[in-house]
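Before any comments, here is the structure.
For the single chain, residues carry numbers from 1 onward in sequence order. What's counted below: heavy atoms across the whole structure, side chains too, no hydrogens, waters or symmetry copies.
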Amino acid sequence: METVMMRPQSPPTGYPHELERVTQLANGASVFIRPVVPEDAPRLAEEILTADSETLYLRFFTTNVQPDPAMLEALTVLDYAQRLAVAMLSADGDTVGVARYGAVDADAVEVAVAVKRRWRRLGAANLLLAAVEEAAARRGYSQAMALHLTENTGAQRLLERRGYRRTGVSEGIAETAVDLALAENG
């Protein structure tokens, strides 16, 4: 895989090169994981605009998502310490998925992951979640939490496999948490 083609052309200050990696999915496909950068905004906008309604609903809890400039800036202009995201790209440059975390406080982050429908059930979400958990732990965070719709059994199974335990449910949204020292390795 030619990873040079998938690397950002001009990484911003603080870009964590150590998070770049080539790995394989369960179907043998090679993928490249790397931190998200501001130049990803047009790609991310296109991904949101062309995403199927199920993907939008499971990730944003609504199907009406319009990627405006403020949203795209919030998703792609990151400090890589309190806010970090990684993208997974296929060998042909397709975006497989994205995972991110945002600091909740000095000890905890909230994580989220989204994978395109055609790339699901191949281990992509697990690899992406492992990458942001590892990055959070390296930056001194000790706990990760995740929110998901109670009907999203795929997210529930993924989080349980990674050691997350349900801490509450409110209005159909489950909250889970894990001690990052105990999170399962990718």
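- Within the 3.5 Å criterion, the main-chain N or O of Leu158 finds no donor-acceptor partner in the side chain of Arg162.
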Contacts under 3.5 angstrom, residues 71-80 side chains, donor-acceptor by atom type, not counting sequence neighbours:
{"residue": "Thr76", "atom": "OG1", "partner": "Leu72", "partner atom": "O", "Å": "2.7"}
{"residue": "Asp79", "atom": "OD1", "partner": "Ala81", "partner atom": "N", "Å": "2.8"}
{"residue": "Asp79", "atom": "OD1", "partner": "Gln82", "partner atom": "N", "Å": "2.8"}
{"residue": "Asp79", "atom": "OD1", "partner": "Arg83", "partner atom": "N", "Å": "2.8"}
{"residue": "Tyr80", "atom": "OH", "partner": "Val36", "partner atom": "O", "Å": "2.6"}

*side chain to side chain contact (heavy atoms under 4.5 Å, CB included) between Arg165 and Glu160: does it pass, once the steps are laid out?*
CA-CA 6 Å; Arg165 296 292 170 244; Glu160 285 174 355; 4.2 Å; yes

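- Atom CG of Asp94 and atom CG of Leu89 lie 8.5 Å apart (nearest 0.5 Å).
- Glu47 contributes atom CD, which lies 10.0 Å from atom OG1 of Thr55 (distance to the nearest 0.5 angstrom).
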*Evaluate side chain to side chain contact (heavy atoms under 4.5 Å, CB included) for Asp179 paired with Gln143, printing each intermediate quantity in order.*
CA-CA 5 Å; Asp179 179 336; Gln143 185 178 47; 5.9 Å; no

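- The backbone N or O of Asp107 sits less than 3.5 Å from a side-chain atom of Asp105, completing a donor-acceptor pair.
- Atoms CG and CZ, on Leu19 and Arg21 in that order, are 6.0 Å from each other to the nearest 0.5 Å.
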_Chi angles and distances behind the side chain to side chain donor-acceptor pair (under 3.5 Å) call for Ser90, Asp92_ = CA-CA 5 Å; Ser90 68; Asp92 64 2; 2.3 Å; yes

*asked:* Between Arg138 and Glu134, does the salt bridge (charged side-chain N to carboxylate O under 4.0 Å, His left out) criterion hold? Intermediate values first, please.
replied: CA-CA 6 Å; Arg138 284 184 179 181; Glu134 175 187 330; 3.0 Å; yes

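- Distance check: Leu128 CG to Trp119 CH2 gives 12.0 Å after rounding to the nearest 0.5 Å.
- Summarising the geometry, atom NE2 belonging to His148 is positioned 10.5 Å from atom CD1 belonging to Ile173; distances are rounded to the nearest 0.5 Å.
- Heavy atoms from other residues, nucleotides or ligands lying under 6.0 Å from CZ of Arg121 number 12 at most.
- Between the side chain of Thr150 and the backbone N or O of Ala174 there is no donor-acceptor pair closer than 3.5 Å.
- For the atom pair Glu20 CD and Arg34 CZ, the distance stands at 8.0 Å (nearest 0.5 Å).
- Remark: the backbone N or O of Leu56 is not paired with any side-chain donor or acceptor of Thr63 at under 3.5 angstrom.
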